[in-house]
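Remarks on the structure that follows.
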2 protein chains.
Amino acid sequence: MQAGTQVALRTTEDRPVDALPLVLVVDDDPDIRASLTDMFNSVGMDTLVFASTAELLKHDMPDRPSCLILDLRLPGSSGLDLQARLAEDGVNIPIIFITGYADVPTSVRAMKAGALDFLPKPFREQELLDAVAEALRHDRQRRLNDSERNEVRVLAESLTPREMDVLRGVARGLLNKQIAYELGITEITVKMHRSSAGRKLKSVSVADMVRKVELLSGKSGTAGGGAG
Amino acid sequence: MQAGTQVALRTTEDRPVDALPLVLVVDDDPDIRASLTDMFNSVGMDTLVFASTAELLKHDMPDRPSCLILDLRLPGSSGLDLQARLAEDGVNIPIIFITGYADVPTSVRAMKAGALDFLPKPFREQELLDAVAEALRHDRQRRLNDSERNEVRVLAESLTPREMDVLRGVARGLLNKQIAYELGITEITVKMHRSSAGRKLKSVSVADMVRKVELLSGKSGTAGGGAG
DNA sequence: GTCCGACCCATACTTCAGTATGGGGTCGCC
DNA sequence: GGCGACCCCATACTGAAGTATGGGTCGGAC
């Protein structure tokens with residue numbers, strides 16, 4: 001809780017309390033922007049509207065639970081383009097498409113590219129609200145996972161290369177002796193690196209180290225043979 | 001490799017070699033069934049066709065890389081019904097919908113329910129072949145993950161309840177001493193269960209145990225705090 | 001009743017992990 | 001040239017893990 005000096009409702013620049021959800025809207029129709037803003041505000045959600053994809057891209061992605069409502073047809077680059085662009089940039093915000101010109105191949109393409117929902121206009125308010133609720137649920141979960149991984153990543157940045165070498169050995173279930181042999185150093189030195197790495201990662205137990213190393217290295221998680 | 005006495009090409013009952021992919025087709029149109037069969041056979045894939053969902057459900061799910069091509073409109077229960085039914089039963093075979101009566105909400109619904117693709121008829125052969133190739137790629141990966149988890153599950157079946165208790169403690173990074181306290185037994189007994197469990201799971205290292213226990217218990221994987 | 005498996009405990013010993021203390025070297029930077 | 005980082009090694013010790021050997025209770029299967 002770092003509640004600062006300002007009330008954080010409907011502000012966009014500083015970093016508000018985490019729980020307040022934000023809905024981003026990109027639509028070229030001013031009426032829709034206005035009505036969606038009203039609708040989401042009326043249910044206690046923060047909103048941020050844009051008339052084009054370029055406008056949204058100028059903005060920083062919000063650091064709180066959020067989702068993106070995206071019109072398919074837009075001046076300049078389309079909604080699908082934006083979806084692709086965001087994916088490239090590693091932005092994982094959940095996307096709900098809305099469009100008046102819907103056809104099956106396009107909707108399928110959007111869904112395959114990871115969209116969470118695809119609503120042809122006109123739709124009932126409740127449909128969109130449901131979709132948004134679902135999207136926010138997703139985003140909250142995603143942010144949880146991300147923050148966990150990021151915490152570890154931050155801790156891991158202070159590791160020296162050698163400490164990382166040793167950690168990988170530990171995660172593979174090797175004995176200090178074996179790690180020492182592989183690295184061409186003595187067991188003592190391995191212990192040194194290992195305990196130092198453990199301190200930096202704030203892990204006391206081997207179980208912890210294993211999990212953290214796995215989070216770092218892409219979490220594939222081969223539970224392969226007995227390492228004996 | 002339990003290659004039986006029969007050649008396993010286009011047979012359906014016994015369990016053929018793993019690499020040969022199988023395409024299941026459910027469509028009420030005999031012409032389509034025939035042409036799809038020809039098409040897939042011509043590219044070296046095994047095919048199995050059904051005229052209705054009920055027919056397919058009478059069949060055992062194949063134990064090899066496969067995917068399901070599903071007509072949306074079908075006599076009796078629809079393709080979406082079958083999709084839901086399979087999901088309920090825990091059958092994860094990738095599904096590609098094909099249909100002549102496509103509309104956006106239906107396609108979106110199918111995709112949200114996990115379909116891999118959705119092709120309105122008529123489609124080009126190559127489109128379907130591409131989709132199938134992608135689906136088989138998915139299925140191979142899925143089968144790999146599943147088999148890994150299943151191996152562990154099989155090993156874990158021979159564990160006694162107490163051994164499982166101890167293992168959970170180990171995976172949480174607790175000391176034998178702490179596990180003993182939690183279970184109300186002595187450290188010696190914990191060591192006994194632990195080594196016995198390790199033998200049954202064929203894991204020599206703690207790292208291995210952690211991973212295997214995680215595979216067993218739904219793989220959420222909270223790398224939480226230093227465990228005291 | 002007997003056997004077996006799951007559970008429990010103990011003593012004794014080996015190996016491994018973890019820490020402390022003290023020493024060495026190279027490199028790059030101010 | 002000193003300072004700090006990263007790297008390397010040694011001896012000595014504590015505590016945890018792992019193994020072996022021996023023993024015990026209980027309940028269900030044969």
Side-chain angles (χ1 to χ4, degrees), chain A residues 152-214 216 223 225-228, chain B residues 152-214 216-217 223-228:
Chain A
V152 177
R153 220 187 287 277
V154 168
L155 292 178
E157 270 169 17
S158 63
L159 292 174
T160 70
R162 221 42 173 164
E163 283 163 355
M164 201 54 214
D165 289 342
V166 171
L167 268 187
R168 272 189 282 264
V170 172
R172 278 167 55 208
L174 301 181
L175 300 180
N176 287 344
K177 199 185 296 186
Q178 298 172 303
I179 301 173
Y181 178 77
E182 284 198 0
L183 298 180
I185 58 183
T186 64
E187 198 183 333
I188 286 283
T189 310
V190 170
K191 287 184 183 180
M192 208 205 70
H193 288 309
R194 179 171 179 163
S195 81
S196 163
R199 220 173 306 122
K200 288 181 182 175
L201 287 187
K202 297 191 207 298
S203 338
V204 188
S205 63
V206 194
D208 234 53
M209 284 195 196
V210 173
R211 266 191 290 264
K212 284 178 177 165
V213 171
E214 246 162 42
L216 285 176
Chain B
V152 177
R153 222 187 286 278
V154 168
L155 292 177
E157 270 169 18
S158 63
L159 293 174
T160 69
R162 221 44 174 164
E163 284 163 354
M164 202 52 215
D165 290 341
V166 170
L167 267 187
R168 270 188 284 264
V170 173
R172 279 166 54 207
L174 300 181
L175 301 180
N176 288 343
K177 199 183 295 186
Q178 298 172 302
I179 301 173
Y181 178 78
E182 284 198 359
L183 298 181
I185 59 183
T186 64
E187 196 184 335
I188 285 283
T189 310
V190 169
K191 286 185 183 179
M192 209 204 70
H193 288 309
R194 180 170 178 163
S195 81
S196 163
R199 220 172 307 123
K200 288 182 181 175
L201 287 186
K202 297 191 206 299
S203 354
V204 189
S205 63
V206 195
D208 233 55
M209 285 194 196
V210 173
R211 267 191 289 264
K212 284 178 177 164
V213 171
E214 246 161 41
L216 286 175
S217 40

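No experiment lies behind these values; they were computed from the predicted model shown. Chain letters run A, B, ... following the sequence lines, proteins first, then strands; residues in each count from 1. Only heavy atoms go into these numbers, but all of them, side chains included; no hydrogens, no water, no symmetry mates.
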Q: Can you tell me the distance, in whole Å, between the CD1 atom of B:Ile188 and the C1' atom of D:dG18?
A: 10 Å

Q: Look only at the side chain of A:Ser196 and the backbone of A:Met192, and say whether a donor-acceptor pair between them is shorter than 3.5 Å.
A: no

Q: Classify the nucleic acid contact of B:Ile185 as base, sugar-phosphate or nothing, counting any heavy atom under 4.0 Å across all strands shown.
A: sugar-phosphate

Q: Take B:Glu182 and B:Arg172 through the salt bridge (Lys or Arg N to Asp or Glu O under 4.0 Å) test and state the conclusion after the steps.
A: CA-CA 12 Å; B:Glu182 284 198 359; B:Arg172 279 166 54 207; 3.1 Å; yes

Q: Take the protein atom CG of B:Asp208 and the nucleotide atom P of D:dG18, then report the distance between them rounded to whole Å.
A: 13 Å

Q) In degrees, rounded to 10°, what is the bend between the two ends of the helix from C:dG1-D:dC30 to C:dC30-D:dG1, using five pairs at each? A) 30°

Q: Specify the residues of residues 153-168 of chain B, ordered by number, for which at least one heavy atom lies under 4.0 angstrom from an atom of DNA chain C.
A: B:Thr160, B:Pro161, B:Arg162

**Q.** Atom pair distance, as rounded to whole Å: CD in B:Glu187 and P in D:dA16
**A.** 7 Å

Q: List the atom of B:Ser205, the atom of A:Gly173, and the distance in Å for their closest heavy-atom pair.
A: CB-O, 3.3 Å

(Q) Below 4.0 Å from chain B heavy atoms, what is the first contacting nucleotide of DNA chain C and what is the last? (A) C:dA6 to C:dT11

Q.
On DNA chain C, does the nearest nucleotide to A:Lys191 precede the nearest nucleotide to B:Thr186 from the 5' side, or the other way round? Give the residue.
A. B:Thr186

Q.
For the OG1 atom of A:Thr186 and the NZ atom of A:Lys191, what is their distance to the nearest 0.5 Å?
A. 10.0 Å

Q | B:Ser195 side-chain proximity, nearest of D:dT19, D:dA17, D:dC8 | A | D:dT19

Q. If only side-chain N and O atoms of A:His193 are considered, is one of them under 4.0 Å from the OP1 or OP2 phosphate oxygen of D:dC6?
A. no

Q: Please work out if A:Thr189 contacts a base, only the sugar-phosphate, or nothing of the nucleic acid, heavy-atom cut-off 4.0 Å.
A: base

**Q.** Taking every non-hydrogen atom, the tightest pair across B:Gly169 and B:Ile179
**A.** C-CD1, 3.7 Å

Q: State, with a plain yes or no, whether a side-chain heavy atom of A:Arg211 is found less than 4.5 Å away from one of A:Val152.
A: no

